[in-house]
Amino acid sequence: MNGSSALVDNAGASQSRRVFWDQDVYQLELERIFSRCWLMLGHDSLVPKPGDFITTYMAEDRVILSRQPDGSLKAFINSCTHRGNQICHADSGSAKAFVCNYHGWVFGQDGSLVDVPMEERCYHSDLDKSKLGLAPIRVETYKGFIFGCHDPEAPSLEDYLGDFCWYLDTIWDGPDGGLELLGPPLKSTLACNWKVPTENFVGDGYHVGWTHAAALQMIGGELAGLSGNRADMPFDDLGLQFTMRHGHGFGLIDNAATAIHVKRDGYVKYLEETRGGIREKFGPERERLYVGHWNTSIFPNCSFLYGTNTFKIWHPRGPHEIEVWTYTMVPKNADTETKRSIQREAIRSFGTAGTLESDDGENMSSATYINNGIITRKGRMNSSMGKDREGPHPVYPGIVGVSFIGETSYRGFYRFWQEMLDAPDWAAIRANDDTWDVMWTNRNFW
Ligand code: UNU
Ligand code: FES
Ligand code: FE
């Protein structure tokens with residue numbers, strides 16, 4: 001498909017509404033995106049000791065992530081190789097083995113089948129246990145964040161994150177030891193397509209002053225000026241927007257990292273005390289990032305706000321529903337009270353009933369369900385803002401848009417989404433590595 005009938009039209013910066021609605025698009029996403037990309041599983045801090053495990057999802061597949069006796073990590077499908085029952089029903093814990101409820105097959109911390117009730121009497125040495133371990137999943141970590149991937153042909157996690165590592169290091173490495181995730185996650189369901197919150201977090205600077213007008217007034221601080229899109233808003237000087245190979249991206253609001261924090265000690269002080277270390281370690285361009293607020297998505301379905309420090313996984317549940325898992329991201333070496341105050345503010349703003357979270361929820365649902373109308377569904381959505389005001393940048397990797405309020409990272413997200421849907425395998429995606437950004441590089445904006 002091309003032009004106006006394409007799901008994604010890169011030149012025209014528009015998308016078919018079917019991307020939020022159609023069951024066959026969703027099935028293709030499960031096959032071509034969720035079965036082949038690196039998906040966020042968690043963080044080292046959630047499984048610190050040998051034997052620790054969490055259960056989570058990769059799209060709709062249940063998985064177990066388990067810390068091994070040697071400190072490494074393994075992940076496997078949480079479904080018994082006998083008759084398929086779900087094995088582990090706990091959200092997290094510590095276990096020497098996982099025992100299936102149904103007939104009692106026992107799987108080790110590494111997912112191997114280690115014991116079968118009455119094995120000799122029932123199977124007469126005919127059962128090859130070595131072939132009946134839980135289906136393994138590739139696991140790799142970057143700066144403590146744990147990802148899983150089903151596709152052996154996918155690039156390494158570091159290559160998949162690509163240029164985004166340069167940005168992520170600023171906060172995932174930080175001044176001294178990086179971040180941790182505070183769980184257990186808050187869980188809620190939202191009646192929306194998984195890409196609506198993902199696109200919102202990757203690059204929707206436009207909605208902040210409008211959707212969140214009342215909340216921003218209540219909070220005050222650096223973002224109060226955005227409330228209601230005031231005419232004196234410094235449009236082009238608010239920050240920048242970034243998109244990368246593989247669809248990751250974020251929007252930066254300068255000097256606003258701690259904007260949602262009502263209390264001005266604790267985290268605010270922590271960032272002031274540590275920004276010098278960031279300048280030394282990473283240079284002034286990344287010190288700018290360190291003291292700015294980020295709204296971010298890691299392709300396909302993990303998002304976070306740095307500064308606000310809410311951390312989200314949008315688990316799809318069909319095309320029209322998601323389960324939202326919300327953690328809090330905190331600096332590992334901050335003191336306990338600072339961590340607790342970051343967590344309180346993150347949950348107050350972007351927890352299940354958070355002031356800003358609830359502002360967004362109705363839009364997410366409306367942007368999805370409106371498309372049950374057959375005529376409505378045949379229309380398109382527009383993401384053209386700032387289209388001629390972006391490009392490769394002399395300092396910042398990837399493609400950079402000139403204002404926080406723009407749709408650069410929307411365009412990058414949907415460009416790669418379509419590429420993944422079209423590509424038969426990772427070899428085909430790799431073949432585009434040198435040319436993925438031609439829609440930007442043929443002009444020299446910066
Ligand atoms: O809604 C958001 N993504 C947002 C809200 C971003 C920054 C501050 C407040
Ligand atoms: Fe943007 Fe309605 S104004 S969706
Ligand atoms: Fe929002």
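Order of listing sets the numbers, starting from 1, for every ligand and every atom in it. Being a predicted model, the structure only gives us computed values, none of them experimental.
Of the options F34, F20, F299, a ring pair (Phe, Tyr, Trp, His ring centres under 6.0 Å) to W194 is made by F34 and by none of the others.
Looking at H293 next to ligand 1, no N or O pair under 3.5 Å apart turns up. The shortest N/O to N/O separation between N200 and ligand 1 does not fall below 3.5 Å.
For the 3.5 Å distance criterion, the side chains of W325 and E323 qualify, holding a donor opposite an acceptor. In this structure, a donor-acceptor pair under 3.5 Å is absent between the side chains of S341 and Q343.
Residue, atom and distance of the protein heavy atom nearest to atom 4 (C) of ligand 1 are V208 CG2, 3.9 Å. Protein heavy atom at the shortest distance from atom 3 (N) of ligand 1 is H207 CE1, 3.8 Å. With hydrogens left out, the protein atom closest to atom 5 (C) of ligand 1 is L356 CD2, 3.7 Å, a heavy atom. Closest protein heavy atom to atom 8 (C) of ligand 1: L223 CD1, 3.3 Å.
Contacts between D204 and ligand 1, counted as non-hydrogen atom pairs separated by less than 4.0 Å, are absent for every part of the residue. Contact annotation: for T211 versus ligand 1, there are no heavy atoms closer than 4.0 Å.
Taking the Fe ion (ligand 3) as the apex, the angle formed with OD2 of D360 and NE2 of H207 is 140°, to the nearest 10 degrees.
Ring-plane geometry between Y414 and Y410 is classed as tilted, the angle between the planes lying from 30 to 60 degrees on a 0 to 90 degree scale. Taking the six-membered ring where the residue is Trp, F350 and F201 present perpendicular rings, their angle passing 60° and hence far from 30°. Under the 30°/60° scheme for interplanar angles, the aromatic rings of W21 and H320 are found to lie parallel. Note: W294 and F164 have tilted aromatic rings, judged against thresholds of 30 and 60 degrees for the angle between ring planes.
Among the backbone and side-chain atoms of D204, no N/O/S atom is found under 2.8 Å from the Fe ion (ligand 3).
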- Message: Checking D9 against Q15 for the side-chain hydrogen bond (donor to acceptor under 3.5 Å, both in side chains) test, could you report, in this order, the C-alpha distance in whole Å, the side-chain angles of both residues, the deciding distance, and whether it holds?
- Response: CA-CA 6 Å; D9 173 1; Q15 302 83 30; over 6 Å; no

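Of all the atoms in ligand 1, the ones that sit under 4.0 Å from a non-hydrogen atom of H212 are 1 (O).
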